[in-house]
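Some notes on the structure that comes next.
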Amino acid sequence: MTTEQAASPPWQGLPERRGLRSRFLDFAARDTNVVIVSVILNNLLRAISGMILTRLLMPEVFGISGVIASIQFTVSLATDLGFQAFVVRQENGDEKRFLDTVWTVSLVRSLVLALVLAASALPLAHILAKPELALLLAASSLTFVVEGLASTSLLTALRRRRILRLSALELVALLAQIAMSAVLAWAWGNYWAILGGLLTGGLLKTTLSYTMFEDARRGFRLDRATLRALWGFSRYVTGSSIIFLLISQCDKLVLAKLMPLDQFGFYILAGNLASAPLGFAMNYASRVLYPTYAQLWRDRAEDLRARFYDKRRLPSLLYGFATGGIIGGAPLIVGVLYDPRYGEAAGYLQILCISSLLALPSNAANEVLTATGRIRATLEASIVKLAWLTAAGTMGYLLWGQFGLVLAVGLMEAPALVVKWVRLRMAGLLDIREELLFLAAGLAGTGCGFVAAGTIMRVLR
C-alpha cells in the first residue's frame with residue numbers, strides 16, 4: 001500500500017455525493033483537524049480528571065506521582081532510539097523483516113528498563129530522601145513491560161497517515177485510564193489509584209494496537225541490515241535524548257529533593273496544565289508535519305520553505321494566541337479547575353507555559369530539519385538548552401531560590417529556537433517574518449488572557 005493510498009479516506013472513489021455527511025467526513029479526514037480535535041478532547045478529559053482527582057487526593061499524591069513520572073522518564077529517555085522517526089522516514093519502513101526487528105529491539109529495551117527501575121527503586125528513594133517511595137517505584141516498572149508489548153502499528157500508523165484511527169485509540173485508552181483512576185481514588189485515596197489507572201490505560205492501548213490495525217502481529221527477529229540502519233539513525237537521537245533528559249528532568253529531580261511533597265505537587269500540576277498546549281505542538285509536528293516533510297523529501301520536492309510555512313501557518317497562529325491566553329489567564333484557569341488548596345500552581349503555570357508557547361515553532365523547525373537529513377540540529381539545540389539551564393538555572397537559584405530555577409526552565413526553549421532558526425537559514429528554509437508573526441500572536445493572546453481573567457475574577461467576587 002502506498003502512502004497516498006493509506007492517506008486516502010475509505011470513502012474515496014465512491015459516487016460523488018457532496019451532502020453534509022460527505023463534507024463532514026472530508027473535514028474529519030484532514031490530518032491537522034484530527035490532531036486539533038484529538039488534542040482538545042485529550043485536554044478536556046485531563047481537565048475533568050484533574051477536577052475529580054484533586055478533590056479526592058491530597059497534594060502530596062501529585063508530588064509522589066511527579067517524582068515517579070520523572071524517574072521513569074529519565075530511565076526511558078536515557079535509552080531512546082528514536083523508533084518513531086526511524087520507522088516513518090525509512091524507505092523500507094513497511095517491510096515485515098524491518099518491523100519485526102524494530103519490535104524485538106523495542107521489547108527487549110522495555111524489559112531491561114523494567115528490571116533496572118525495579119532494582120534501583122530503593123537506592124533512588126533514599127537519594128531523594130523519600131524512602132517511602134521505594135515500593136511505588138518498583139511497582140511502576142510494570143508500565144515499561146506493558147508499553148514494550150505494543151505493536152509497531154502505532155508507528156506505521158503515522159507513516160501511513162492513519163492519524164484518525166491512532167488518535168481514536170489513544171483517546172479510548174486515556175478514557176479508561178481516567179475512569180479507573182477516579183474509581184480507585186475514591187476507594188483508596190492514595191497513589192496506587194494513579195498507578196492502577198496508568199496500567200489499565202496502557203494494557204488497553206497495547207491490546208488495541210493489535211486489533212485496530214491490519215498486519216499488526218509481530219515476531220522475534222534481528223535483521224542485521226535493519227540493526228545497522230537503526231544504529232546509524234539513533235546515535236544522534238540517543239545523544240540528543242540524553243542531553244534532553246538532563247534538560248527536562250533535572251529541575252524536577254532537584255525540586256523533588258528541595259521541596260516538600262505538597263509544594264512539589266503544585267509544580268507538577270502546573271507542569272501538567274502547561275503540557276496541554278504542548279501536546280498539540282508535539283503531536284502536530286510529529287504526526288502531521290514530519291510525515292509530510294518526509295514524503296516531500298523522499299519525492300525530492302522543491303520549494304520546501306514555502307510548503308513548510310504554508311502547512312503550519314494557521315495552526316501556528318491559533319496555537320500561539322491560545323497558549324498566550326493560558327499564560328495571561330492562569331489564575332482563573334487554576335481557580336476553576338482546582339479547589340483553593342491548589343492556588344499556588346497558577347504562578348508556576350505562567351512561567352512554564354512560556355516554553356509551551358515556543359515549542360511549536362521549535363518542534364516544527366526540528367521536524368523539517370530532520371526530514372531533510374539535518375539530524376544534528378536536534379543535538380545542537382539540546383546542547384544549547386543544557387548550557388542555558390546550567391548557567392541560568394544556577395544563577396537563578398542563587399538569586400531567587402526555587403523561583404529562579406523555575407524561571408530558567410520556563411525560558412529555556414528560547415535559545416534552542418534561535419539555534420534552529422540559524423540552521424533553517426543555512427538550509428534556505430527560514431522565513432523570519434513568519435516566525436515573528438507567530439510571536440506576535442502569542443503576545444496578543446497573553447494580553448487578552450490577562451484582561452479576560454481579571455474581568456471575570458472581579459465579576460465573580
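Every heavy atom of this structure was used, including side-chain atoms; hydrogens, water molecules and symmetry mates were not. This is a predicted model, so every value here is computed, not measured.
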Subject >> Distance flag, aromatic centroids of Tyr348 and Phe266, threshold under 6.0 Å >> reply: no
Original post:
For Asn363, what residues pass the side chain to side chain donor-acceptor pair (under 3.5 Å) criterion, not counting sequence neighbours?
Top reply: none
Original post:
Charged N to carboxylate O below 4.0 Å: is that the case for Glu435 and Arg312?
Top reply: yes
Subject >> Side chains of Gln72 and Thr143, donor plus acceptor under 3.5 Å >> reply: yes
**OP:** Find out whether Phe280 and Pro315 are in side-chain contact, i.e. whether some heavy atom of one side chain is under 4.5 Å from a heavy atom of the other.
**Re:** yes
Original post:
With distance as the sole test, does Ser355 use its side chain to make a donor-acceptor pair with the main-chain N or O of Gly410 at under 3.5 Å?
Top reply: yes
Original post:
Which heavy atom in Leu337 sits nearest to a heavy atom in Met51, and how many Å separate them?
Top reply: O-CG, 3.3 Å
Validation: residues 180-193 side-chain donor-acceptor distances under 3.5 Å, sequence neighbours left out:
unit_1, atom_1, unit_2, atom_2, d
Ser181, OG, Gln177, O, 3.0
Asn190, OD1, Trp192, N, 3.1

**OP:** Might you point out which heavy atoms bring Ile354 and Gln350 nearest each other, and give the distance in Å?
**Re:** CG1-O, 3.7 Å
Subject >> Any Pro331 side-chain heavy atom under 4.5 Å of Met457 side chain >> reply: yes
Original post:
Is there side-chain contact between Tyr284 and Lys311, with at least one heavy-atom pair below 4.5 Å?
Top reply: yes
Original post:
Is the closest side-chain heavy-atom distance between Leu204 and Thr200 below 4.5 Å?
Top reply: no
**OP:** Write down the atom of Ala134, the atom of Ala125, and the distance for their closest heavy-atom approach.
**Re:** N-CB, 3.7 Å
**OP:** Check whether the side chains of Ser110 and Glu147 place a donor and an acceptor atom closer than 3.5 Å, and report yes or no.
**Re:** no
Original post:
Between Gly428 and Arg305, what is the shortest heavy-atom contact and its length?
Top reply: O-CD, 3.7 Å
Original post:
So, do Leu195 and Leu136 sit near enough that their side-chain heavy atoms are less than 4.5 Å apart?
Top reply: no
Original post:
What orientation do Phe403 and Trp400 show, parallel under 30°, tilted 30 to 60°, or perpendicular over 60°?
Top reply: perpendicular
Subject >> Atom of Lys420, atom of Ala365 and distance for their closest heavy-atom approach >> reply: CB-CB, 4.0 Å
Subject >> Close side-chain approach of Tyr309 and Ser316, heavy atoms under 4.5 Å >> reply: no
Subject >> side chain to side chain contact (heavy atoms under 4.5 Å, CB included) between Leu358 and Ser362, intermediate numbers included >> reply: CA-CA 6 Å; Leu358 300 178; Ser362 181; 5.6 Å; no
**OP:** Check the surroundings of atom CE in Met212: do more than 12 heavy atoms from other residues, nucleotides or ligands lie under 6.0 Å from it?
**Re:** yes
**OP:** For the residue pair Arg423 and Leu430, establish whether any side-chain heavy-atom pair is separated by less than 4.5 Å.
**Re:** no
Subject >> Heavy atoms from other residues, nucleotides or ligands near CZ of Arg425 exceed 12 (cutoff 6.0 Å) >> reply: no
Original post:
Is there side-chain contact between Ser65 and Ile268, with heavy atoms separated by less than 4.5 Å?
Top reply: no
Subject >> ring pair (Phe, Tyr, Trp, His ring centres under 6.0 Å) partners of residues 422-461, not counting sequence neighbours, each pair once >> reply: none
